[in-house]
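Start at 1 and go down the list; that is how both ligands and their atoms are numbered. Given the structure is predicted, the values throughout are model-derived calculations rather than measurements.
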Amino acid sequence: MKRLTLIAVLAVVLAANRTSSTDLRAGAPDEPLSLWYRQPAAQWVEALPIGNGRLAAMVFGGVARERLQLNEDTLWAGGPYEPANPAALEALPALVADQMMGKPVRQMPFQPLGDLLLTFPDAGAVERYRRDLNLDTAIARVTYASAGVTYTREIFSSPIDQVIAIRLSADRPRHVTVSVGMTTPQHAHVAIEGADTIVMRGANAEAQGIKGALTFQARARVIAERGSTIVHGADVAVRDADAVTVLLAAATSYRSYKDVSGDPEATTKRQVAAASRKSFTTLRAAHVAEHRRLFRRVTIDLGASGTSGPTDERIRMFATRHDPQLAALYFQFGRYLLISSSRPGSQPATLQGDWNDQMKPPWESKYTININTEMNYWPAESANLSELVEPLTSLVMDLTESGARTAKVQYGARGWVAHHNTDLWRASAPVDGPASGMWPMGGAWLCQTLWEHYQYTQDKDYLARVYPALKGASEFFLDTLVEEPTHKWLVTSPSLSPENRHPFGNTTLVAGPAMDTEILRDLFANTIRAGEILDKDPELRDRLTVTHARLAPDHVGKAGQLQEWLDDWDLQAPDLHHRHVSHLYALYPSDQITVRGTPALAAAARKSLEMRGDEATGWGLGWRLNLWARLLDAEHAYTILARLLSPDRTYPNMFGAHPPFQIDGNFGGTAGIVEMLLQSHGGEIALLPAVPKAWPTGAVTGLRARGGFEVDLAWNDGRLTSAAVRALTTNSRTRVRYDTVSRDVTIAKGHTYRW
Ligand code: FUC
């Protein structure tokens, strides 16, 4: 009896301990659209990204020290330069590719701006620590309690006020003490201006013999509410304030790829002064409203998880736990990342979006245009963020100028060309060596992204603006295609199927890889169609029609696969499981091959995809996900998504892992989830074409379809329960399909068709 009582008492004590120990841990945020963690970031890929398209930071959330690793999207190495190599023209007839590389042979890297460091007094024992990133407000938060006081940090990068705003507060007066400073790996000098402002002035770095031509400045003003503010060296220190707001602006002298005459001092002074006149609440409200204008266009519900827990833990468990809410979060995170790294007036999202902490980042953290940059923009239209394509449109229009010099100097051709990479300076010559660089299709593929923008928006003014890009890209190929001797097909040469070696001579170099022909079919067809719509260039259209007809056809090889090259080499190629699936461009992102329209080629594409296998880099999985969705294989698509959302391919902060970090996996993933729920190509909108068993019940609103439509869907037990298709433009005839049933509909602008 006595013993029993003792056990009972013990049980009560243990239970009490359990409650109090869970009490010390923070719970999940109320809102489901948050990434959250129970500990500060120990490494960069645990920190949380914020950005306004241009000015970005990784927030680490340390208790003793907060680190904001900063980026400004025009702070790259080098200056305006001309890489076109005149010796290339002489090397062209003999196809001596290593003499055709641009000079320098590598392009300029995107580089970090530096760190803003906030140092706090020793907090002692910390309870209820949580940091989170709310995708719906685009605010990173850190909260914790120590000695009975709860501390809160809120941090965002405002697209309205063009500053990063940080608010440090406590739930008791006079409890905020902090020292603020800046460091940088760049050549720069940090100094204090006035009583409360830290200014970092610097010049960008040289790379590959191209001298730095930019100046830059970061300016942080520390505004304390009560308490005392003193300057300490190059830091501003505040003691015993009620709250502290830090406003940080940054700019470089970059105006365009050929003009570096900007005045970063004037810009940052103006931005900090203007933001200082507003309260934190006002800055915050404007930021949240502008973010939501874009973010809230799409809602998604893939079913309840019945599980919660911090995001890093859920990523670790995704493969073994039913967690559709994590897939929904991952989908929305991709949209968040595009909103945060690509806005009108900013630079396009690089291989790392806007987030890079290294002076020598992987692949220079620039624009790899043989898949990666295009993939970044795959979700832009379908996930209803159409205007975020603007930075890429501007980049392409710049490339029509720089690429015209490369076309003329290196090929003696009209029009313009870009190879597999470009950078802030719009370099367009072949680089990195022939094996990856000798590929003249980068510009042509980018033109497809612009055409897609027209497809989704039906915006004729936009089409008129980008038509010169389509026309110039087409003209380059009219001048450079060569005749294949046996069938007299017209093919690219020299080229390669990115970046896959074929069986002969340990090289990638070849004439007429399938992908080139597939891209050219789209380019020529789009240019012809654009010319018709805009009533321009009838002779060019005729010439393109004739040339289109002479392009090589797609071939099915002896393994039943879609051939990657003109000859049936696929089975002998040294890397059967290569990450690139270039020849499947025709299936996705293009719609030249479809399950219903071209079943034999679709079967061949499927065979190729099976031969390549399900293992790949992050972006390699992102592409495979979209391809399986286009093959209408929901379960295989889901298997790929689960791989993508595993710790091997997704870091704790949800950034995509090549590895290393590369953002294209995120964007390919978001686009792929759309492709599972809604497809629109070949004049048809397909509802729920590849919804997997893991998501039996769900709903999505605000997806976009080609032709100018917005679509809401709901389903139950794997079957469609309702669909609404809204026409956004007057050109509103389409076919709507669910499973085997299809209906031709005409929807007046602003009206909705309900299934
Ligand atoms: C291409 C890919 C690599 C990497 C690089 C940035 O060259 O083949 O895997 O993603 O781009």
Does an N or O from [X], backbone or side chain, lie closer than 3.5 Å to an N or O of ligand 1?
| X | answer |
| --- | --- |
| Asn370 | no |
| Trp363 | no |
| Asp664 | no |

Parallel, tilted or perpendicular: ring planes of [X] versus [Y], cut at 30 and 60 degrees:
| X | Y | value |
| --- | --- | --- |
| Phe476 | Tyr411 | perpendicular |
| Trp619 | Trp623 | tilted |
| Tyr588 | Trp378 | perpendicular |

Would you mind listing which atoms of ligand 1 come within a distance below 4.0 Å of any non-hydrogen atom of [X]?
| X | result |
| --- | --- |
| Asn372 | 1 (C), 10 (O), 11 (O) |
| Leu351 | 6 (C) |
| His658 | 3 (C), 4 (C), 9 (O), 10 (O) |

| said: I want to check something: taking the side chain as every heavy atom from C-beta on, are Met515 and Met441 in contact at a cut-off of under 4.5 Å? | reply: no
| Verdict with supporting geometry, Glu615 and Arg643, salt bridge (charged side-chain N to carboxylate O under 4.0 Å, His left out) | CA-CA 8 Å; Glu615 266 312 329; Arg643 266 172 207 265; 2.5 Å; yes
| query | Looking only at protein heavy atoms, which one is nearest to atom 7 (O) of ligand 1, and how far off is it? | reply | Glu499 OE2, 2.3 Å
| request: Identify the protein heavy atom lying closest to atom 2 (C) of ligand 1, giving its residue, its atom name and the separation to 0.1 Å. | output: His580 NE2, 3.5 Å
| task | Could you tell me whether Arg579 approaches ligand 1 through its side chain, its backbone, both or neither, with non-hydrogen atoms closer than 4.0 Å? | result | side chain
| Just by modelled atom types, is the Gln107 backbone N or O under 3.5 Å from a matching donor or acceptor in the Trp425 side chain? | no
| query | Quick one: does Thr617 get within less than 4.0 Å of ligand 1, heavy atoms only? | reply | no
| Is ligand 1 less than 4.0 angstrom away from at least one heavy atom of His420? | no
| message | Between Gln592 and Arg521, do the side chains contain a donor N or O and an acceptor N or O under 3.5 Å apart? | response | yes
| task | List the steps and the verdict of ring-ring contact (aromatic ring centres under 6.0 Å, His included) for Trp44 and Tyr651. | result | CA-CA 10 Å; Trp44 191 85; Tyr651 290 111; 8.6 Å; no
